[in-house]
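Proteins get letters first, then strands, A, B, ... in listed order; numbering begins at 1 in each.
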2 protein chains.
Amino acid sequence: MYLRALSSLQDRGVATVSSEELAAAAGVNSAKLRKDLSHLGSYGTRGVGYEVEYLVYQISRELGLTQDWVVAIIGVGNLGRALAGYGGFASRGFRVAGLLDADDSIVGQEISGMTVRHIDRLEDIIADHGVSIAVIATPAAAAQGMCDRVVAAGVTSVLNFAPVVLSVPDGVDVRKVDLSIELQILAFHEQRKAGGPGDYEPVAGGIPGAVVADAAGDGAPPGAAQYIEAVEA
Amino acid sequence: MYLRALSSLQDRGVATVSSEELAAAAGVNSAKLRKDLSHLGSYGTRGVGYEVEYLVYQISRELGLTQDWVVAIIGVGNLGRALAGYGGFASRGFRVAGLLDADDSIVGQEISGMTVRHIDRLEDIIADHGVSIAVIATPAAAAQGMCDRVVAAGVTSVLNFAPVVLSVPDGVDVRKVDLSIELQILAFHEQRKAGGPGDYEPVAGGIPGAVVADAAGDGAPPGAAQYIEAVEA
DNA sequence: GCGACTTTGTGCGCGTATTCACAAAGGCTT
DNA sequence: AAGCCTTTGTGAATACGCGCACAAAGTCGC
């Protein structure tokens with residue numbers, strides 16, 4: 001996030017920036033920013049701030065963005081297509097080495113300048129291009145199987161968009177992006193603003209510590225009556 | 001996440017589940033799971049576990065998923081298209097009321113059964129359909145402007161995919177999903193496995209607490225070649 | 001060259017999240 | 001009906017992240 005804010009400053013021709021300004025741009029507290037940056041070393045100048053260009057370089061280096069990373073995208077549905085065309089990857093040193101799918105009607109198509117290849121060739125492509133990061137954008141049912149294959153082929157970092165918890169051996173990193181969970185979190189807060197669950201049983205004070213037993217409070221029935229019984233029993 | 005794991009159990013016809021099993025499925029510690037669930041009330045049976053169907057209902061209700069939420073998607077590029085076609089929304093009570101874009105060559109197109117409408121009609125659509133959640137999938141430059149408009153029109157929850165920090169008034173919730181940051185995080189860990197920044201200056205022990213001063217840290221020379229000197233010096 | 005001013009780097013305290021570990025609770029078997 | 005066995009719910013301990021506040025460090029003006 002700091003890198004993003006710094007790039008933006010760089011575009012505007014700003015040469016130096018104080019922790020206060022950069023923190024505001026990144027949406028964090030300035031003390032936190034200074035502490036974070038201090039973990040990289042002491043790159044600021046007291047009384048002045050940080051030199052933008054130098055800081056960009058140091059952060060990029062620490063994040064490993066000064067080298068190229070080879071990525072394979074598994075699953076070329078709507079999401080896979082969006083990822084293939086996402087400009088944010090190339091600009092940060094991520095090179096997409098392959099788009100792979102199991103569907104023969106998709107294999108061979110040209111997407112964002114790349115040809116979709118059959119999933120059978122997964123292992124070849126990983127080995128040939130030195131893929132170290134796999135992006136899984138398959139349906140949930142296929143995700144674990146694909147994950148196992150990429151890991152077996154030597155990939156040690158996985159970005160998972162499928163709504164499942166992937167299990168991997170030690171030494172393999174997995175990150176998960178779950179679009180519908182993000183919406184659910186928003187819906188939860190939205191509901192809170194409107195006055196608690198179903199507008200009749202507000203959560204006390206916040207989620208943590210709030211022990212709101214559904215005291216006789218029958219929760220609205222979807223499958224219906226049985227739940228009311230369950231609560232009242 | 002618990003809801004997702006429970007749905008999966010439900011599909012397999014499992015009637016009851018212990019905290020241990022559910023925690024494993026969701027990828028968390030079982031004590032944490034029990035504490036989380038206890039905040040909703042006491043819905044487990046000692047010696048037995050939790051009834052899957054009942055728990056699904058209680059969590060859904062607490063999250064506000066027993067009611068419908070109306071969503072507008074702003075920006076119909078690759079990502080907007082993927083979101084429009086994402087099945088995970090409808091199945092959790094999220095209804096897409098509109099796809100909006102500023103590009104006349106996109107307006108009028110049919111995507112996933114919905115017609116893309118011009119951004120001029122944003123305020124109408126929000127008011128007419130009672131949109132409470134806006135999804136921003138525009139380019140970075142347009143995001144803050146669109147955010148201001150949806151907030152002015154009464155939306156109080158925003159899911160932002162654009163790589164900028166949105167500023168909003170108090171009372172409005174913003175969540176951010178940043179695809180390239182996820183990849184950068186993976187790249188960082190990948191680099192760590194391979195032996196630190198550039199393979200010559202490993203971070204000590206971990207990020208927090210690691211004060212890897214750029215020993216002999218001479219100040220701040222701009223220009224790529226000089227950075228290498230700075231590090232090697 | 002010196003003093004005032006600005007801004008970094010960080011010690012400290014606070015609140016929260018996470019985990020352990022166990023007593024209480026309930027079902028199941030005999 | 002009584003006791004055993006399983007599993008929950010939670011107090012206590014620990015770990016962690018965040019922000020405040022300030023001393024140290026460096027710049028800029030005079």
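For S18(A) and dT7(C), the shortest distance from a side-chain N or O to OP1 or OP2 is not below 4.0 Å. Residue S19(A) places at least one side-chain N or O under 4.0 Å from the OP1 or OP2 atom of dT8(C). The side chain of Y50(B) places no N or O atom within less than 4.0 Å of a non-bridging phosphate oxygen (OP1 or OP2) of dG26(C).
With hydrogens and angles ignored, no donor-acceptor pair under 3.5 angstrom links the side chain of K32(A) to the base of dG17(D). Judged by atom type and distance alone, R46(B) does not reach the base of dT7(D) through any side-chain donor-acceptor pair under 3.5 Å.
Between R34(A) atom CZ and dC20(D) atom P the separation is 10 Å, expressed in whole Å. To the nearest angstrom, P of dT8(D) lies 9 Å from CG of L37(B). To the nearest angstrom, P of dT27(D) lies 13 Å from CD of E51(A). H39(B) has its NE2 atom 16 Å from the P atom of dT8(D), to the nearest Å. Atom CG in N29(B) sits about 15 Å away from atom P in dA15(D), given to the nearest Å. Separating the CD atom of E20(A) from the P atom of dG19(D) is a distance of 12 Å, rounded to the nearest angstrom. Atom P of nucleotide dT10(D) and atom CG of D36(B) are separated by 13 Å, given to the nearest angstrom. In this structure, Y43(B) places its OH atom 11 Å from P of dG9(D), rounding to the nearest Å.
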Output, in order, the C-alpha distance, side-chain angles, deciding distance and verdict of side-chain contact (heavy atoms from CB on, under 4.5 Å) for Y86(B) and L179(A).
CA-CA 9 Å; Y86(B) 183 54; L179(A) 304 179; 4.0 Å; yes

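A donor and an acceptor atom, one from each side chain of R34(A) and S19(A), are located under 3.5 Å apart. S157(B) and E190(A) form a side-chain donor-acceptor contact under 3.5 Å, judged by distance and modelled atom types alone.
Between V48(B) and K35(B), it is V48(B) whose nearest contact on DNA chain D lies nearer the 5' terminus.
A pairwise comparison of heavy atoms in A26(A) and M1(A) identifies O-CE, 3.6 Å as the closest pair. Listed here is the closest heavy atom pair of A97(A) and V131(A): CB-CG2, 4.1 Å.
For A31(B), counting side-chain heavy atoms from C-beta on, the closest listed nucleotide (dT19(C), dG27(C), dT10(C)) is dT19(C).
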